[in-house]
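Worksheet for the structure shown next.
One-based numbering, in listed order, for ligands and for the atoms of each. Treat the numbers as computed from the prediction; the structure is a model and nothing was measured.
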Amino acid sequence: MSTSADTLADMNRPALSIFAQSLLSGQSAVITGGGSGIGEGIAKALAAHGAKVGLIGRTPEKLARVASEIVKKNGHAIYRAVDVREYTDLERAITAMAIELGGVNILINSAAGNFLAPAASLSANGFRSVIDIDLCGTFNACRASFAHLSKRGGSIVSITATQASVPTPLQCHAGAAKAGIEKLTRDLALEWGGMGIRVNAVAPGPIDNTEGMTRLAPGGVEIALKKRVPIGRYGTIEEVSAAVLYLVSAAGTYITGSTLLIDGGTSLLGPGPFLDMMRGEL
Ligand code: HXC
Ligand code: NAP
């Protein structure tokens with residue numbers, strides 16, 4: 001017989017997909033940052049649920065690996081190596097993908113760059129690079145996809161972060177970029193709602209086995225951060241992907257302009273160990 005503690009543990013354990021395999025059949029998605037980490041996981045989840053996917057990133061080898069893993073599982077995947085900061089190249093790539101995929105009705109913005117840096121020593125170019133990749137790159141992909149998304153209705157989901165709303169030491173560049181994306185999400189939702197395009201974001205907290213956590217929470221920080229997550233563990237790429245599936249699917253058709261937190265409650269407790277890290281106490 002299961003106890004209430006067992007039931008709670010089960011509820012907190014990441015589940016296999018609860019969505020029908022045909023959830024997105026007949027649909028086509030472009031995923032920036034699809035060559036690794038959370039973007040890769042989302043691309044694989046969309047493909048596993050029937051969508052044709054187009055992957056965008058700068059490194060062709062990373063994109064080729066993900067595309068071939070999707071194809072091996074009978075999915076449909078193509079890729080283009082493009083920097084999201086280069087609007088003309090990006091628009092050309094998305095237009096070519098729309099032709100190959102038979103349209104684009106889903107856009108996922110996952111491309112991003114980040115590193116830990118105190119504002120007092122961060123160079124202007126370091127700040128600008130992160131804003132360019134995250135915020136301008138997201139606008140670029142939305143703008144370049146608009147003609148395709150508006151043809152038969154569509155959905156955009158951008159990956160932000162809890163740093164968008166929680167003031168976080170060593171993260172002023174990424175926090176400003178992600179806050180900008182959340183505002184852009186609301187603005188585009190308002191402008192494009194009448195054209196059949198829903199625009200949402202998801203804000204993950206610490207997600208296991210990602211480049212983001214390798215960069216932001218090395219060694220002792222990881223232990224300190226994990227202890228502070230109310231749910232008691234890091235999240236998984238599958239949990240972020242499940243939230244994205246929900247938003248782009250028919251379950252989410254009245255949701256637009258929202259940012260969904262997927263952080264195990266981490267942001268409820270403020271910046272956590274980043275303040276200790278900045279003070280040199282970790
Ligand atoms: C201080 C740094 C730095 C560091 C780079 N810069 N790394 N400054 N500390 N650790 C500065 C450089 O000195 C340079 O400024 C400027 O940033 C641009 O650096 P480049 O290497 O020339 O730029 P670029 O090739 O465009 O690389 C962008 C990048 C890089 C962000 C710096 O790390 C990258 O491409 N990352 C992609 C992968 C990634 O970051 N994944 C994690 C995403 S996770 P100067 O003045 O010297 O010219 C994530 C976590 C979630 O986002 C939480 C977010 C809120
Ligand atoms: P990641 O594996 O490094 O993913 C970022 C991807 O973006 C990479 O595949 C990278 O590939 C691509 N990219 C970077 N700059 C680009 C550019 N200029 N043009 C095109 N593509 C570019 O890191 P991740 O941790 O999975 O992060 C994925 C997303 O989740 C990001 O938006 C991040 O901010 C967000 N997030 C992550 C966490 C976390 O815990 N990891 C938490 C909150 C939010 P190339 O370098 O080959 O271009």
request  = Could you tell me whether atom 11 (C) of ligand 1 has at least one protein heavy atom nearer than 4.0 Å?
outcome  = yes

task = Taking only heavy atoms of Gln171 into account, list the atoms of ligand 1 that are under 4.0 Å away from them.
result = 54 (C), 55 (C)

request  = Identify the protein heavy atom lying closest to atom 4 (C) of ligand 1, giving its residue, its atom name and the separation to 0.1 Å.
outcome  = Phe115 CD1, 3.3 Å

key: Close N or O approach (Arg215, ligand 1; < 3.5 Å)   = yes

Shortest non-hydrogen separation from Asn140 to Tyr87 and the atoms involved = O-CE1, 3.4 Å

query = Which ligand 1 atoms are under 4.0 Å away from a heavy-atom of Arg85?
reply = 26 (O)

message = Residue-level breakdown please: for Met213 versus ligand 1, do any non-hydrogen atoms fall below 4.0 Å on the side chain, on the backbone, on both, or on neither?
response = neither

query = Is a side-chain N or O of Arg198 found less than 3.5 angstrom from the main chain of Gly252, in a donor-acceptor match?
reply = yes

ask   = For atom 23 (O) of ligand 1, which candidate among Ser129, Ala161, Gly113 provides the closest heavy atom?
value = Ser129

task = Give the residue, atom name and distance (to 0.1 Å) of the protein heavy atom nearest atom 48 (O) of ligand 1.
result = Asn125 ND2, 2.8 Å

request  = Answer yes when Glu40 and Lys62 have at least one side-chain N-carboxylate O distance shorter than 4.0 Å, and no when they do not.
outcome  = no

inquiry  = Please list, in number order, the atoms of ligand 1 under 4.0 Å from a heavy atom of Gln163.
reply    = 53 (C), 55 (C)

ask   = Under 4.0 Å from any heavy atom of Glu211, which atoms of ligand 1 are there?
value = 41 (N), 42 (C)

query = Is Leu46 reachable from Val30 through a run of I, L, V, M, F, W or Y residues, each pair having side-chain heavy atoms under 4.5 Å apart?
reply = no

request  = Give a yes/no on ligand 1: does Ile133 have at least one heavy atom closer than 4.0 angstrom to it?
outcome  = yes

query = Should the ring pair Phe19 and His49 be called parallel, tilted or perpendicular, given that the plane angle runs from 0 to 90° and is split at 30 and 60?
reply = perpendicular

Partner residues of Lys178 under the salt bridge (Lys or Arg N to Asp or Glu O under 4.0 Å) criterion, sequence neighbours left out = Asp134

query = Which protein non-hydrogen atom lies closest to atom 44 (S) of ligand 1, naming both residue and atom, and how far is it?
reply = Gly212 CA, 3.4 Å

request  = For Arg58 and ligand 1, answer yes if some heavy atom of the residue is under 4.0 Å from a ligand atom, otherwise no.
outcome  = yes

ask   = With backbone taken as N, CA, C and O and side chain as the heavy atoms from C-beta onward, which portion of Thr168 lies under 4.0 Å from ligand 1: side chain, backbone, both, or neither?
value = neither

query = Any chance the side chains of Gln171 and Asn114 put a donor and an acceptor closer than 3.5 Å?
reply = yes

inquiry  = With heavy-atom distances below 4.0 Å as the criterion, list the atoms of ligand 1 near Ser123.
reply    = 15 (O), 45 (P), 46 (O)

task = Show your working on salt bridge (Lys or Arg N to Asp or Glu O under 4.0 Å) between Glu182 and Arg186 and close with a plain yes or no.
result = CA-CA 7 Å; Glu182 292 186 6; Arg186 297 194 295 277; 5.1 Å; no

query = Is any side-chain heavy atom of Arg92 closer than 4.5 Å to a side-chain heavy atom of Thr88?
reply = yes

query = Are the side chain of Thr236 and the backbone of Glu239 linked by a donor-acceptor contact shorter than 3.5 Å?
reply = yes

request  = Would you mind reporting whether Leu247 and Ser155 have side-chain heavy atoms less than 4.5 Å apart?
outcome  = no

query = Are any of the protein's heavy atoms under 4.0 angstrom from atom 21 (O) of ligand 1, yes or no?
reply = no

request  = Compile the protein residues with any heavy atom at a distance under 4.0 Å from an atom of ligand 2; present them by chain, then by number.
outcome  = Gly33, Ser36, Gly37, Ile38, Gly57, Arg58, Thr59, Lys62, Val82, Asp83, Val84, Arg85, Ser110, Ala111, Ala112, Ile133, Ile159, Thr160, Ala161, Lys178, Pro204, Gly205, Pro206, Ile207, Thr210, Glu211, Gly212, Met213

message = Considering Ala112, Ala164, Ser121 one by one, which has a heavy atom nearer to atom 43 (C) of ligand 1 than any of the others?
response = Ala112

query = Any salt bridge between Arg65 and Glu69, counting N to O under 4.0 Å?
reply = yes

request  = Show which atoms of ligand 1 fall inside a sub-4.0 Å distance from at least one heavy-atom site of Ala174.
outcome  = 54 (C), 55 (C)

key: Side-chain (His148) to main-chain (Ile99) donor-acceptor, under 3.5 angstrom   = no

ask   = Which residue holds the protein heavy atom closest to atom 17 (O) of ligand 1, what is that atom called, and what is the gap in Å?
value = Gly126 CA, 3.2 Å

request  = Drop me the distance from Ile207's CD1 to Glu238's CD, to the nearest 0.5 angstrom.
outcome  = 10.0 Å

ask   = Can you hop from Ile197 to Ile106 via hydrophobic side chains spaced under 4.5 Å?
value = no

remark   = heavy-atom search around atom 54 (C) of ligand 1 in the protein gives Asn114 ND2, 3.3 Å

Arg152 atom CZ, over 12 foreign heavy atoms within 6.0 Å = yes

